[in-house]
Amino acid sequence: MFIKDGIILSNSNQLDIIEPYDGRQNYIDELMNETPKSFIDIMIKRNEEIARVLVDRNLSDKILLFMKTGVGPVELNLLEKTTDIKLMILVDEDIEKLKITKKSIEGNFSNINVLYICCELDALPIKTNTIDIVIDFLATFKNAFRSDIDIYQSLNQYIKDKSSIIGLYLYFKKADMFSRLDRKKWAFFDNRAIKQKIKNLNYIETSDYEEAILQEGSNINDFFKEEDKVHAKIMIFDRKSI
């Protein structure tokens, strides 16, 4: 483990995670130009809802883990509403995205306790029983295209007995879409299976949000076809003990 530009890098797969977007100065502009407006509108709305849920949780004594933080849309929205947070841990395997988020936070907010960690979610260099709240803003969906690892099973050792998982999940309902995936990946793209994976860790779903239907924002691995529909829903889970 070492530190580069104020970002902690795990010893795991360092060559894969260091600067994969080297030289792409206009990454955010490219992302916005390539993403359908309908998708962006829904993401903004759900981002706002998750930030409100977090604010209501009294974060002054909470440690928050943001899975696959990207360029930090939820983190920045949350900080605009409250900076009274014990500690934020931002994780992504792409150091360039973390650099963008770090610059935005440091440029707009002072005296915020933040750890920036560049690593895969199953290789976190933190102590066990540390996290109070896990924020999964599309992380399960994005991770499933590149890995077969059950990230919640991997993260469970770092999460406190009394804790919460707050996420925005994308999933499929169309049989044809599942047929394009390896069968071992199906559970990561099925709403009921995702819920069950989390409930198996002794969480209870405590909120029921409206489902949205959208066009995915980017054609990951050329997976999506013109008629595909992706479903999106905020889900909140709480656990009092294991």
Side-chain angles (χ1 to χ4, degrees), residues 7 10 12-13 16-17 20-21 31 35 39-40 42-44 46-47 49-51 53-54 63-78 88-98 100-101 114-126 130-159 163-172 181 185-191 193-201 203 205 209 212 214 216-218 220-221 223 230-237:
I7 297 171
S10 166
S12 175
N13 299 319
D16 294 333
I17 63 180
Y21 286 100
L31 181 66
T35 303
F39 179 88
I40 293 174
I42 290 175
M43 292 302 104
I44 290 173
R46 299 302 185 262
N47 180 341
E49 291 172 350
I50 287 177
V53 169
L54 287 168
I63 296 177
L64 280 57
L65 173 70
F66 292 84
M67 301 163 58
K68 295 183 75 68
T69 191
V71 294
V74 180
E75 295 87 331
L76 291 165
N77 194 355
L78 174 61
M88 299 170 65
I89 302 176
L90 278 55
V91 181
D92 203 286
E93 73 278 1
D94 184 339
I95 196 171
E96 286 302 308
K97 291 178 183 176
L98 282 174
I100 292 171
T101 307
V114 184
L115 283 180
Y116 302 91
I117 303 177
C118 187
C119 74
E120 300 289 351
L121 286 164
D122 61 335
L124 285 176
I126 63 176
T130 297
I131 308 302
D132 295 288
I133 302 175
V134 174
I135 298 92
D136 180 346
F137 194 80
L138 310 183
T140 292
F141 182 77
K142 293 177 180 178
N143 194 71
F145 277 102
R146 61 193 300 273
S147 173
D148 298 331
I149 295 173
D150 185 339
I151 49 179
Y152 281 115
Q153 191 66 50
S154 299
L155 287 176
N156 193 45
Q157 62 179 308
Y158 305 112
I159 308 172
S163 55
S164 301
I165 295 173
I166 300 171
L168 175 63
Y169 299 89
L170 302 190
Y171 48 91
F172 308 148
L181 298 163
K185 288 182 175 288
W186 286 8
F188 301 118
F189 295 94
D190 180 271
N191 186 33
I194 293 169
K195 286 184 181 183
Q196 192 57 52
K197 282 180 177 293
I198 298 174
K199 289 179 179 179
N200 287 346
L201 299 174
Y203 284 92
E205 188 176 9
Y209 281 78
L214 48 82
E216 162 55 14
S218 60
I220 303 172
N221 298 339
F223 175 86
V230 181
H231 300 256
K233 189 175 184 180
I234 291 175
M235 293 190 281
I236 300 174
F237 303 86

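- D122 contributes atom CG, which lies 9.5 Å from atom CD1 of I151 (distance to the nearest 0.5 angstrom).
- The side-chain heavy atoms of S154 and L121, taken from C-beta on, include no pair separated by under 4.5 Å.
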Just do the side chain to side chain contact (heavy atoms under 4.5 Å, CB included) check on V74 and L168 with the steps written out, would you? CA-CA 11 Å; V74 180; L168 175 63; over 6 Å; no

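- Rounded to the nearest 0.5 Å, atoms NZ (K68) and CG (D92) are 5.5 Å apart.
- Put simply, CD1 on I117 and CZ on F66 are 13.0 Å apart, with the number rounded to the nearest 0.5 Å.
- Here T140 contributes atom OG1 and K197 contributes atom NZ; the two are 9.5 Å apart, rounded to the nearest 0.5 Å.
- Considering every non-hydrogen atom in both C119 and V91, the closest pair reads O-CG1, 3.8 Å.
- A salt bridge links E120 to R146: at least one charged side-chain nitrogen sits closer than 4.0 Å to a carboxylate oxygen.
- When all heavy atoms of G70 and T101 are compared, the closest pair comes out as O-OG1, 2.9 Å.
- Taking OG of S164 as the reference point, atom CD1 of I236 lies at 8.5 Å (rounded to 0.5 Å).
- Y209 meets the ring pair (Phe, Tyr, Trp, His ring centres under 6.0 Å) test with no other residue; sequence neighbours excluded.
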Please walk me through it: do S163 and Y203 pass side-chain hydrogen bond (donor to acceptor under 3.5 Å, both in side chains)? CA-CA 9 Å; S163 55; Y203 284 92; 2.7 Å; yes

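- Of the candidates L155, L90, I135, I89, M67 forms a side chain to side chain contact (heavy atoms under 4.5 Å, CB included) with just one, namely L155.
- By the 30° and 60° cut-offs, the orientation of the rings of F223 relative to F145 is perpendicular.
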Under the criterion side chain to side chain contact (heavy atoms under 4.5 Å, CB included), I'd like the reasoning laid out for N47 against M43: C-alpha separation, chi angles, the key distance, then a yes or no. CA-CA 6 Å; N47 180 341; M43 292 302 104; 5.9 Å; no

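- For the pair F172 and L181, the tightest heavy-atom approach, listed with the atom from each and the gap, is CE1-CD1, 4.0 Å.
- Counting only heavy atoms from C-beta outward, the side chains of L98 and D94 never approach each other to under 4.5 Å.
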Would you check, one step at a time, whether the test side chain to side chain contact (heavy atoms under 4.5 Å, CB included) holds for I166 with V134? CA-CA 6 Å; I166 300 171; V134 174; over 6 Å; no

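- Side-chain contact between L64 and D132 is absent, with no heavy-atom pair separated by less than 4.5 Å.
- D136 and Y152 form a side-chain donor-acceptor contact under 3.5 Å, judged by distance and modelled atom types alone.
- N191 places a side-chain heavy atom less than 4.5 Å from the side chain of M235.
- L138 CG to N143 CG: the interatomic distance, rounded to the nearest 0.5 Å, is 12.0 Å.
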Output, in order, the C-alpha distance, side-chain angles, deciding distance and verdict of ring-ring contact (aromatic ring centres under 6.0 Å, His included) for Y171 and F189. CA-CA 5 Å; Y171 48 91; F189 295 94; over 10 Å; no

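- Between Y169 and F237, the angle of the ring planes goes over 60°, which puts this pair in the perpendicular group of the 30/60° scheme.
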